[in-house]
Amino acid sequence: MHFPIILFLTKNWLESHMASAICSQKDYKVVPGPEAYLSPAAASMGIVLPEKGQGLIEGQIVSEKVAMEAIAKKLLGAKNPTFFPGPNVLWAVSEKAVAKAVALQEMVKAVPGMKIIPMPDYRPKYPMINPEVEINPNHPNLTIWHNEIDVCVFAGVHCHYANLALKIIRGGTDCYTIALCANPGHEDAMISLRDVHVEDIRRLTKVIERLREGSK
Amino acid sequence: MRFDIRMSGLGGQGMVTAANILGSAAVKDGKHSIVIPFFGAEKRLAPTESYVRISSEEVYEKGEVTYPNVIMVFHEEVITKGKCYTMPFYEGLQQDGLLIINDSDEISLSERNTQSLKERNARIFYVPASQIALDVAGTELATNMAMLGALVGATDIVTFDSLEKAIAERFGERKFVASATTAALDDVLKRKYARAQELVEKNMEAVRVAAKSIKDS
Amino acid sequence: MKERKVVDPEYLLKEAPREKKFLIGNEAVAEAVKRANVDIGVSYPITPQSEAMHLVGDIYAEGYLKDYYRAEHELGAMAAVAGAAMGGARTFTATSGPGTLRAFEMFPCWAGARLPIVCAFMCRGVNSPLTIQPDNIEIGWLMDTGMLIFHAENPQEFFDMLLQAYVIAEQPDVHIPVGVCADGFFVTHTREIVEVTPEDEMLPPYDPSKSPCPTMDMETPPIRQIRDPFVMKSNYISYNAHASWQQEVRAAAERSRKHIAKYLGSSIEVTNPDAEILLMASGTAAAQARVAVERAQKDGIDAGLVKVKVIRPFPDKEIRELTENPKAILVPEHNIVGWLAREVMSRTDYTKVCGGPRVFGGMTMPPEVILSEIKNLARVI
Amino acid sequence: MSFIAKLAEDLCTGCKQCIFACPEPNIIRFNGNTKKVEFYIDKCKGCGLCAEACKFDALEITLA
Amino acid sequence: MIPKISPGFEDVLPVEYRELVQDGSYGRNLRIKDLGTFKESIEEHPLCAGCALSLSIRLIVASLPCPEDTIVVGTTGCNSILMPQLAIHNIHSLFGNQNAVASGLKRALKIRYPDKHKDVVVVAGDGGTADIGLSMTMHSWFRRENITTIMLDNEGYSNTGGQESSMTREGVVLYMAPLGKKYPKTRMFEIARESGCAYVAAVSPASPRRLEKMVRRAILVARAIGPTYVQIYCPCATNYKFSPSETLKRTKDDEQIREYMSSDAKELIERLGE
């Protein structure tokens with residue numbers, strides 16, 4: 001557990017309660033935690049979502065290409081990379097969802113040692129979750145802590161729940177979070193891509209494979 | 001020229017309708033206008049007011065006209081019995097303002113009121129609007145039109161052409177948002193005339209007669 | 001009903017040809033709803049809102065909406081639009097003063113459930129003794145529900161803001177309700193020129209598949225799903241989930257800033273920003289203030305005006321910058337509590353802020369009243 | 001201290017009354033081969049409704 | 001929607017989800033008699049041992065004619081503690097507004113899925129239905145909304161610790177009625193009938209097959225004709241302070257089985273052979 005909790009509390013209590021204070025927003029970075037007793041939402045700290053063709057790295061807007069490279073590097077350098085697929089890809093609701101699921105599995109295969117822990121739904125599960133087999137947006141950091149996951153990828157999670165989970169993970173763990181979003185992206189992730197569809201996942205997989213081959 | 005007009009009368013005399021028609025006519029003339037009724041739970045024969053602002057410039061102000069330069073009194077009881085939310089009836093009248101009162105005879109005012117109006121250099125016109133409405137349009141419900149005629153006679157605030165179009169639009173087939181009581185009076189009025197066109201013509205005649213009576217005076 | 005075609009929102013809001021009409025605010029509301037391609041309207045009568053929902057009923061009868069009914073009370077109306085929105089429909093409703101309060105529990109619920117509902121608030125007094133007259137105290141209460149709050153000055157803005165509200169509310173990164181407020185009677189019953197877009201052009205339909213929360217139709221995964229979950233366990237982490245949830249609703253409002261800049265232009269409108277005396281006002285108080293500022297300038301007083309169009313998310317940065325230089329800030333308002341003055345004070349040197357004049361209970365605020373306050377200030381600064 | 005249901009399999013007739021009486025889902029399952037019920041006891045709260053419903057005294061509530 | 005797992009993810013999903021897909025009740029037209037032979041869509045829940053209300057919900061869910069196209073609307077109360085564990089879309093909005101939410105939801109689904117039956121079923125407690133939400137409950141009936149309202153009548157407010165409700169019987173001492181309730185139980189059956197419900201029934205979980213028949217009838221009539229109401233008596237062991245094992249006996253002793261159907265509803269039920 002993080003020790004100087006009082007310090008965190010003071011600094012971040014101020015920040016999250018002065019969410020609009022320009023001074024505290026200036027240098028805000030979305031980096032691995034543990035950040036605070038209750039970390040602020042990155043959007044309230046002045047972090048804005050990327051436009052089409054762009055991505056986010058630690059709160060900074062970069063080109064999509066740069067973001068993809070960064071994701072690949074993070075995944076290949078991870079001790080315990082983990083993929084958290086959400087309901088939109090776990091459940092075969094449409095051909096699009098199935099195609100995406102297949103593409104994501106190819107991505108997982110490209111990363112040596114990458115695990116999959118699913119987020120099958122969003123219920124507050126009773127009485128407990130087994131963090132070895134599932135992640136739940138209502139207690140995501142249990143999963144992260146238990147498995148000592150250092151880099152994780154979210155995909156197929158509804159945006160609202162993805163943001164909850166990403167923020168709690170940042171608040172309570174030192175996991176590096178990556179979000180592949182089909183909508184406009186996630187400020188609360190350390191790296192985020194937007195408008196990610198099947199072909200974009202394939203492109204990302206290619207980047208991972210290229211970097212992996214290059215490092216051999 | 002900027003007109004800030006207050007119309008005072010009793011519920012059912014058509015102050016709100018007159019204000020809508022006047023504002024609409026001003027817009028047709030290419031001017032700017034804002035129309036607002038006095039907003040209470042208005043009932044028949046209860047004191048009622050409506051307001052129109054007209055200008056060649058853009059108009060921003062909302063709400064009651066508190067400092068009018070034109071006050072139109074639709075019913076003598078506004079003055080004689082104080083049936084008016086604004087007391088005395090000329091409260092807020094600007095310097096050199098205009099008063100148009102629906103009565104054939106001059107109403108005797110208290111010395112204080114006479115003095116006060118004199119200090120403001122108010123121009124006062126009496127017009128037998130209800131009588132004109134009855135004689136020319138065949139119904140007292142056209143009183144408001146005669147009052148508008150008097151206003152046009154005194155100020156040329158809108159053209160007859162636009163006024164006619166505005167009346168036709170108001171009583172035409174287009175759906176018009178009116179309170180329940182106003183809608184009921186609309187029905188009475190429409191029943192009086194065989195055709196919508198006749199309604200417009202008769203009302204315009206009342207407008208012209210009233211305007212002429214002011215011009216002539 | 002004319003045959004209608006779907007057009008691009010940006011075209012409809014910015015480029016579509018406009019026709020001048022002489023309308024009251026309530027008519028402008030119905031004209032906006034017509035073009036917003038709304039699925040369901042739910043109404044409940046209250047002055048001064050009623051005529052707007054009558055007219056929405058009329059356009060439903062003409063075929064512009066797919067469903068419409070009069071609810072049992074405002075709480076029922078607001079709950080029904082919530083249900084419809086959870087089912088993936090685009091909804092509209094409106095209320096005023098006491099109705100807002102009767103339904104109040106639903107507003108944080110809409111925001112928390114991330115429902116892109118657009119509701120028009122035709123503000124009126126709510127206290128006893130009864131008043132049906134304009135008074136926008138309810139905005140002061142609505143501000144902290146998590147909804148976006150727009151404040152229209154006139155029927156034209158009411159029309160535009162309602163359409164803009166749908167476009168902004170339904171952005172996947174925003175997806176929270178928008179309250180479009182206008183002062184009752186001063187806007188709802190005031191007839192003036194409103195420039196409207198063509199009757200046969202409408203916004204694209206709502207796409208629930210882009211919602212940040214699943215649609216409740218048993219077609220959207222996951223099927224094991226409650227809108228919206230309780231905290232089931234009493235421990236740090238599940239409360240953290242709830243706290244994060246609330247932060248996420250506020251974050252959504254922050255994200256709307258980008259879209260507000262795109263579709264509204266700006267959250268504020270400024271005249272003479274370098275003035276010694278700066279007025280800050282919203283709604284019809286801004287209209288009255290504009291006239292007072294013009295007259296003050298004619299009298300040789302250095303006065304300016306900031307009209308605040310968006311109350312939530314509050315234009316913090318803009319207000320902070322604008323309040324740096326003036327010697328005094330005057331905040332005229334149509335309510336007794338002075339919620340806008342409070343907002344401004346908390347973002348600047350509050351000793352410079354004069355909250356007032358305040359007019360409420362239905363009274364008109366003549367520009368002369370504001371002007372005399374400007375003159376008083378000019379004497380002392 | 002907690003209670004759970006205990007089944008005397010030889011007395012079970014497979015009438016399913018216990019299944020219809022149990023407020024907890026997926027605990028009592030019917031085995032199509034043996035035509036008797038089976039208990040997935042992990043989630044049993046020991047309320048005793050199954051024992052009440054059983055007309056053949058095949059069920060009793062015991063200390064877990 | 002009948003849930004299916006995306007190919008390749010079968011092995012990563014927790015076992016209870018796999019069971020739901022392989023052995024769930026979706027699209028199989030299962031009945032209460034089949035209970036124990038398929039995976040129920042309620043997972044483990046936190047309600048009290050011996051809770052007749054949770055038994056009722058379990059039986060209601062097993063009775064749904066089309067669980068794959070049903071959306072449940074609940075409200076605050078013990079039922080809403082269970083609902084998140086239900087693998088059918090369900091809504092908790094506020095306390096008492098369930099029938100208004102259901103009205104809006106049903107209308108939205110009619111617009112979006114004109115060729116499909118989407119059953120909207122309200123499952124709420126007696127407080128939510130007959131007290132705080134009474135106006136919204138009754139008005140959904142007046143408006144003839146195509147929704148089914150199921151009241152779980154445990155004769156009091158249980159989730160908040162055992163207060164008297166309008167469904168509590170006269171004379172009963174509970175919190176907020178320290179001298180005993182001073183007026184009789186609200187006659188919701190009659191109210192429903194007079195308010196325009198095409199089908200009204202009262203039953204308890206002590207009669208599971210009858211409960212099933214009534215719930216099915218109520219939902220099928222709601223689809224085609226108009227509002228329906230089922231009142232399920234399910235006494236609360238915790239707040240009425242009796243042993244959980246007595247629940248069934250109490251329920252059986254006090255249950256009142258009643259049924260009313262309009263002539264249209266009767267014709268429909270006969271035609272469908274329900």
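Below, chains carry the letters A, B, ... as their sequence lines are ordered, and counting in each starts from 1. Side-chain atoms are counted along with the backbone in the values below, which use heavy atoms only and exclude waters and symmetry mates.
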Does any backbone or side-chain atom of [X] lie under 4.5 Å from a heavy atom of chain C? Answer side chain, backbone, both or neither.
| X | result |
| --- | --- |
| E:Glu43 | both |
| E:Tyr17 | side chain |
| E:Ile2 | neither |
| E:Ile111 | side chain |
| E:Lys4 | neither |

Should the heavy atoms of other residues, nucleotides or ligands under 6.0 Å from [atom1] of [X] be counted, would the total exceed 12?
| X | atom1 | result |
| --- | --- | --- |
| E:Arg187 | CZ | no |
| C:Arg102 | CZ | no |
| C:Met1 | CE | yes |

Contact origin within [X] toward chain E - heavy atom pairs under 4.5 Å:
| X | result |
| --- | --- |
| C:Tyr206 | neither |
| C:Thr220 | both |
| C:Pro208 | side chain |
| C:Met78 | neither |

Q) Is E:Arg107 close enough and on-axis enough to C:Tyr69, meaning under 6.0 Å and within 45°, for cation-pi? A) yes
How long is the span from the [atom1] atom in [X] to the [atom2] atom in [Y], to the nearest 0.5 Å?
| X | Y | atom1 | atom2 | answer |
| --- | --- | --- | --- | --- |
| E:Lys110 | C:Asp39 | NZ | CG | 14.5 Å |
| E:Asn97 | C:Glu105 | CG | CD | 7.5 Å |
| C:Glu72 | E:Ser140 | CD | OG | 7.5 Å |

For [X] and [Y], which heavy atoms make the closest approach, and how far apart are they?
| X | Y | answer |
| --- | --- | --- |
| C:Ile223 | E:Pro3 | CD1-CG, 3.5 Å |
| C:Ala84 | E:Ala108 | O-CB, 3.4 Å |
| E:Ile42 | C:Arg224 | C-NH1, 4.4 Å |
| E:Leu109 | C:Gly87 | CD2-O, 3.9 Å |

Q: May I ask you to name which of C:Leu75, C:Asp217, C:Val81 has the most heavy-atom pairs under 4.5 Å with chain E?
A: C:Asp217
**Q.** E:Thr70 and C:Met218: CA distance, side-chain angles, deciding distance, side-chain contact (heavy atoms from CB on, under 4.5 Å) verdict
**A.** CA-CA 7 Å; E:Thr70 301; C:Met218 273 309 266; 5.7 Å; no
**Q.** Worked verdict on C:His73 versus E:His139 for side-chain contact (heavy atoms from CB on, under 4.5 Å)
**A.** CA-CA 10 Å; C:His73 42 52; E:His139 277 271; over 6 Å; no
Q | Top contributor to chain C contacts, counting heavy-atom pairs under 4.5 Å, from E:Met83, E:His89, E:Glu68 | A | E:His89
Q.
The test is side-chain contact (heavy atoms from CB on, under 4.5 Å); show your working for C:Glu219 and E:Arg112 and say whether it passes.
A. CA-CA 11 Å; C:Glu219 302 290 337; E:Arg112 292 190 57 222; over 6 Å; no
